[in-house]
Amino acid sequence: AVKAGRVFVAHALMGTDAVAFGTEAGQEIVLWNPPGSGVSLSLLSVSYALITAATGLGDLGIAGYRSDETAITETTAITNTACLDGSIRRSQAHAVMTATVVGADFFYLPLLGIGTGAITVPLAQKSYFEFAGLIQVPEGGALALASCSDVPTAARFVVGFVWEEVPRA
């Protein structure tokens, strides 16, 4: 898939607190597969690095949005989407720094709990999650970073998504 130019990466620095699961406005780091893209997105991995310590406890995860109920208003695009084969090929997906996601949340997958230790205190959690295509995003669907209920205050992360774009038959 990499040699065929179908694997892409995008990363971004969270600018504000993660929004609570189910919130529409202000979603950060959204991976959207627009209607008519001709591909299905296959999530390969998610990684993060904590760069600012939290002042409150919380969690961070991925929210999934249904393709038949999702509308995206892009506020800030991520300009660093790259094809991992080294070419200048552009992704069909839109990696968005900030967006309003309208529609029912399909699922929430927690990735990590967030404590209030200084960034010099190592997190005793994974920072790289391999999905190997387990999560699929059909045309019109989206993934976004979110928090379940306890939104971590002031925690800032650099987060990366790696995905394959699989042509639809």
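Being a predicted model, the structure only gives us computed values, none of them experimental. Here, residue 1 is the first one in the sequence, and each next residue gets the next number.
- Of all heavy-atom pairs spanning R89 and F8, the tightest one is O-CE2, 3.6 Å.
- No side-chain donor from either of S40 and E139 sits under 3.5 Å from a side-chain acceptor of the other.
- Taking 4.5 Å as the limit, some side-chain heavy atom of V101 sits within range of a side-chain heavy atom of V30.
- Put simply, OG on S37 and CD on E165 are 7.0 Å apart, with the number rounded to the nearest 0.5 Å.
- The minimum heavy-atom distance between I29 and A12, with the atom names listed, is CD1-O, 3.6 Å.
- The heavy-atom pair separating L109 from F107 by the smallest distance is N-CD1, 4.0 Å.
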Practice problem: Quick one: do W163 and V7 satisfy side chain to side chain contact (heavy atoms under 4.5 Å, CB included)? Show the steps, please. | Solution: CA-CA 6 Å; W163 70 94; V7 178; over 6 Å; no
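- Taking CZ of F131 as the start and CZ of F161 as the end, the distance is 8.5 Å to the nearest 0.5 Å.
- For S47, the side chain to side chain donor-acceptor pair (under 3.5 Å) criterion is met by no residue, not counting sequence neighbours.
- Classified by interplanar angle (parallel below 30°, tilted 30° to 60°, perpendicular above 60°), the ring pair H94/W32 is perpendicular.
- Across every non-hydrogen atom of H11 and V158, the tightest pair is CD2-CG1, 4.1 Å.
- Formation of a donor-acceptor pair under 3.5 Å by the S147 side chain with backbone atoms of D59 is found in this model.
- Salt-bridge check for R6 with E164: passed, with a basic side-chain N closer than 4.0 Å to an acidic carboxylate O.
- Counting only heavy atoms from C-beta outward, the side chains of Y48 and L112 approach each other to under 4.5 Å.
- Remark: V137 pairs with N33, L41, L143 by the side chain to side chain contact (heavy atoms under 4.5 Å, CB included) rule, at least two apart or across chains.
- Minimum interatomic distance between Y108 and L60 (heavy atoms only, all atoms of both residues): OH-C, 3.5 Å.
- The two residues S91 and A93 make their nearest non-hydrogen contact at OG-N, 2.9 Å.
- No hydrogens or angles considered: a donor-acceptor pair under 3.5 Å links the side chains of Q136 and S42.
- Side-chain atoms of L134 and L43, non-hydrogen and from C-beta on, never get closer than 4.5 Å to each other.
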